[in-house]
Amino acid sequence: MAAAITIETPGVFDFAQIFDYLNRSANECLYEADAASVTRLMPAGGAPVLVRLSARADGALTAECPALTEPPDDETLRAVAAYIREWFDMDRDLSGFLALASRDEVLAPAVRRFRGLRIVGIADLFEALCWGIMGQQINLAFAYTLKRRFVERYGDSVRWNGRVYWTFPAPERIAAIDPAELRGLQFTGRKAEYVVGAARLMAEGVLSKAGLLALPDWTAREKALTAIRGIGPWTAHYVLMRCLRNPGAFPLEDVGLHNALKVALGREEKPPLAEIQALAAPWGEWKAYATFYLWRLLY
DNA sequence: GCCCAGGATATCG
DNA sequence: CGATATCATGGG
C-alpha cells in the first residue's frame, strides 16, 4: 500500500503557513486539507494518483499514496515529488525576499507573521486561467462556488475512503461545450465565453504552458496572455504569479491587495493606485511574494 | 435593500 | 488616450 516518500524542505519554509493558506476556504473542491495534512489527486504520467501529504516532526514532508494497492513505481514517485516541490515553490531561494521585506515598512510585519510561507501554485495552466476568470469582479466565496460547480460537472473523480477527489477539467472537455451551458452554473455570459475560449485555444494547441515558458521574457508572456479575450492585466499577472512562477508578477488592480494594504497601512481608505505603485517599487522582482504575503492579512 | 467583490471589454469624448 | 457604461450575481 503506502510506501511513503520523504521530501526535504528548503531553508525558509513553514508547512504550517502553507496549511493555513490551504485551509482558507471550506468550499475548496480540488483538495482536502486540515491543520496537518492535505490530500489530492496529482498528475503522475498516467492516471492521477491520490496523495496524502503531511509534515514530519523533523520538518520534512511525507507523501503517501493511500489508494494504491501496490507500492508506486519510481517514475510515479518522482512525478509526485516534483509536483509537490512545484506546488509549494520549494526550489526557490527566498533569502532575497526576506532581506528586502524585513526592512520594508509595509512588508515587515507580514513577513514576521507569515515567515516560511511560499506562493502556493496552480501548476495546470487551464486551471489557473479559469480560476482567474472565475474570480473576476466577484467575491471569493462565490468564486469557490463557481469552481466547485464547474469541477463537479466536468472534472474526473476518484472515490476513496468515503470521499470523492476531483481533477480539474481538461481543456479538451470544455472546448467541446456550448458556453451557454455554463450559464446554468451561474457563470455570466462573458465568463462562459472566456473560459470556453481559453479551452479552445489550449485544445487547438495554440496556447500551452510550455509555449508561454518558451517565450523570451516575462513581458512577452504577459503580452501573450493579455492577447487572449477575457485575460486582462490582473488575470495575466495572477497567472504569471501562480502558474508560470514569475516572482515579480504584480496584480496591481487586485482588490484583495488594495484591502490588504489598507490594513497594513492602518488606513480608513484603500490607497490610490499611484501610491500602491510607489510602495511596490522597492519590491522589485519580489512583487508576487509581497502580494501573496499581504493577502494573508485578509484571508 | 445596499454596497462590494482577487475585472474585462466596448464605447465614448 | 483617459473616462465611462455595461456585464451580472452572490455574500455580508
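Heavy atoms only: backbone and side chains are in, while hydrogens, waters and symmetry mates are out.
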Notebook entry, point to check: When the distance from CG of A:L146 to C1' of C:dC7 is rounded to whole Å, what number comes out?
Noted result: 14 Å
Check: Please give, in whole Å, the distance from B:dT9 P to A:E253 CD?
Finding: 12 Å
Item checked: Nearest-nucleotide comparison on DNA chain B, the residue closer to the 5′ end among A:A236 and A:I138 -> A:I138
Notebook entry, point to check: Taking for each residue the nucleotide of DNA chain C bearing the nearest heavy atom, is the 5' side occupied by A:Q137 or by A:A141?
Noted result: A:Q137
Item checked: Geometric cation-pi criterion, A:R40 with A:W87: 6.0 Å, 45° -> yes
Checklist line | Sugar-phosphate only, base, or nothing, as touched by A:P233 at under 4.0 Å among non-hydrogen atoms | finding: sugar-phosphate
Note to self: So A:I228, base contact, sugar-phosphate only, or nothing? Heavy-atom distance under 4.0 Å.
What the structure shows: sugar-phosphate
Next item on the list: Would you state whether a donor and an acceptor, one from the side chain of A:Q136 and one from the base of B:dA8, lie under 3.5 Å apart?
Entry: no
Check: Going by heavy atoms closer than 4.0 Å, what residues in residues 186-204 of chain A are next to DNA chain C?
Finding: A:Q186, A:T188, A:G189, A:R190
Margin query: Taking A:L240's backbone N and O only, do any of them form a donor-acceptor pair with A:R221's side chain (distance below 3.5 Å, no angle check)?
Written below: no
Notebook entry, point to check: Once the angle between the rings of A:Y21 and A:F292 is folded into 0 to 90°, is it parallel (under 30°), tilted (30 to 60°) or perpendicular (over 60°)?
Noted result: tilted
Note to self: Rounded at 0.5 Å granularity, tell me how far CD in A:E193 sits from CZ in A:R200.
What the structure shows: 10.0 Å
Note to self: Expressed as a whole number of angstroms, how long is the span from A:W131:CH2 to B:dG7:P?
What the structure shows: 12 Å
Note to self: Nearest whole Å is fine: how far is C:dC7 P from A:R183 CZ?
What the structure shows: 12 Å
Margin query: Check A:K262 with A:E268, please: is the shortest side-chain N to carboxylate O separation under 4.0 Å?
Written below: no
Next item on the list: For residues A:A290 and A:W283, report the shortest heavy-atom separation together with the two atoms involved.
Entry: CB-CE3, 3.5 Å
Margin query: Rounded to whole Å, how long is the line connecting atom CD1 of A:I133 with atom C1' of C:dT9?
Written below: 17 Å
Check: Looking at the side chain of A:R229, which of B:dT9, C:dG11, B:dA5 is the nearest nucleotide?
Finding: B:dT9
Check: B:dA8 P sits how many Å from A:L129 CG, rounded?
Finding: 12 Å
Note to self: Using ring centroids (six-membered ring only for Trp), state whether A:Y165 and A:Y31 fall under 6.0 Å.
What the structure shows: no
Note to self: Please report the distance, rounded to the nearest Å, between CG in A:L257 and C1' in B:dG7.
What the structure shows: 14 Å
Notebook entry, point to check: What class does the angle between the rings of A:F168 and A:F126 fall in, given that below 30° is parallel, 30 to 60° is tilted and above 60° is perpendicular?
Noted result: perpendicular
Check: Do A:R245 and A:E86 meet the salt-bridge criterion of a basic N to acidic O distance under 4.0 Å?
Finding: yes
Margin query: Counting only heavy atoms and a strict 4.0 angstrom limit, can you tell me which residues of residues 263-282 of chain A come near DNA chain C?
Written below: none
Margin query: Just the rounded figure in Å: distance from C1' of B:dC2 to CG of A:N139.
Written below: 15 Å
Next item on the list: For A:I231, report the nucleic acid contact type (base, sugar-phosphate, nothing); a contact means any heavy atom under 4.0 Å.
Entry: sugar-phosphate
Next item on the list: Taking only the side-chain nitrogens and oxygens of A:T235, find out if one of them lies under 4.0 Å from OP1 or OP2 of B:dA8.
Entry: yes
Next item on the list: Kindly say if A:N259 contacts the phosphate of B:dA5, meaning a side-chain N or O under 4.0 Å from OP1 or OP2.
Entry: yes
Next item on the list: Examine A:W295 together with A:F114 and report whether their ring centres are nearer than 6.0 Å.
Entry: no
